[in-house]
Amino acid sequence: GENVEQHPSTLSVQEGDSAVIKCTYSDSASNYFPWYKQELGKRPQLIIDIRSNVGEKKDQRIAVTLNKTAKHFSLHITETQPEDSAVYFCAASLPRSGGTSYGKLTFGQGTILTVHP
Amino acid sequence: SAVISQKPSRDICQRGTSLTIQCQVDSQVTMMFWYRQQPGQSLTLIATANQGSEATYESGFVIDKFPISRPNLTFSTLTVSNMSPEDSSIYLCSVVSLSFLNEQFFGPGTRLTVL
């Protein structure tokens, strides 16, 4: 099955700096890569995603890049703010196969991001 | 996105007992899943809840321990059976919406503590 590795496990930055979180996946057939933000005591929230036919996607201060050849994807947060502090999870999904794997996500281990004012 | 609710939001249970968690969505969805998040850990998929048929379990999870039902497109239950302290976790349902292809949204979770 799919395996997703995420680094770093913790990341501490000053407000206004950029933050980068990297993930690698094992199955080259994976075609969907979402990123979730989870604040303490709350549910994971989808913040951005990318599909395998796209190399980069941006949404305001957040961007995701995908390198299919190297099987890695990254989350970039620019101009970080204290409210960006949370745990971030990357995930990968294989394409539908017989209707049972559609949407099934394999998660990375998570990155605790702390943005200091 | 779909509005997802879970009941109960939290519970404290004695070992050896069972707890059933409900997940309700406000619109029809294609897929429903159940995940477990152990304290300080990532999310692990337990099973895919299939409408009107047996759930599809991931490696390490079995039906006798985690029976799942999905009688219709908007509702599912997960039962944690014969609980032990190792079952203390947050259990989350998630859905893939008909309107948002592949995008998966999570319920608020059920925080379970087993004594």
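These values consider heavy atoms only, across backbone and side chains, with no hydrogens, waters or symmetry-generated copies. A, B, ... follow the sequence lines: proteins, then strands. Residue 1 opens every chain.
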Answer yes if the ring centres of A:Phe73 and A:Trp35 are under 6.0 angstrom apart, and no otherwise.
-> yes

Decide yes or no for A:Ile50 and A:Tyr32: does some side-chain heavy atom of the first lie under 4.5 Å from some side-chain heavy atom of the second?
-> no

Is there a side-chain contact between B:Tyr91 and B:Arg111, using heavy atoms and a 4.5 Å cut-off?
-> no

By a 4.5 Å heavy-atom criterion (distance strictly below it), what part of A:Gln6 contacts chain B: side chain, backbone, both, or neither?
-> neither

Dump the intermediate steps for side chain to side chain contact (heavy atoms under 4.5 Å, CB included) on A:Val64 and A:Asp49, then the final yes or no.
-> CA-CA 7 Å; A:Val64 58; A:Asp49 58 12; over 6 Å; no

With a 4.5 Å limit on heavy-atom distance, are the side chains of B:Thr110 and B:Leu92 in contact?
-> no

Is there a side-chain contact between B:Gln37 and B:Ser89, using heavy atoms and a 4.5 Å cut-off?
-> no

With distance as the sole test, does A:Ser26 use its side chain to make a donor-acceptor pair with the main-chain N or O of A:Asn3 at under 3.5 Å?
-> yes

Interface residues of residues 76-85 of chain B facing chain A - non-hydrogen atoms under 4.5 Å apart | none

Check whether B:Gln41 gets within reach of chain A through its side chain, its backbone, both or neither, counting any heavy atom under 4.5 Å.
-> backbone

Heavy atoms, side chains only, cut-off 4.5 Å: are A:Tyr25 and A:Thr106 in contact?
-> no

Okay, A:Pro44 and chain B: the region with an atom under 4.5 Å from a heavy atom over there is both

Contact part of B:Leu45 toward chain A, heavy-atom cut-off under 4.5 Å: side chain, backbone, both or neither?
-> side chain

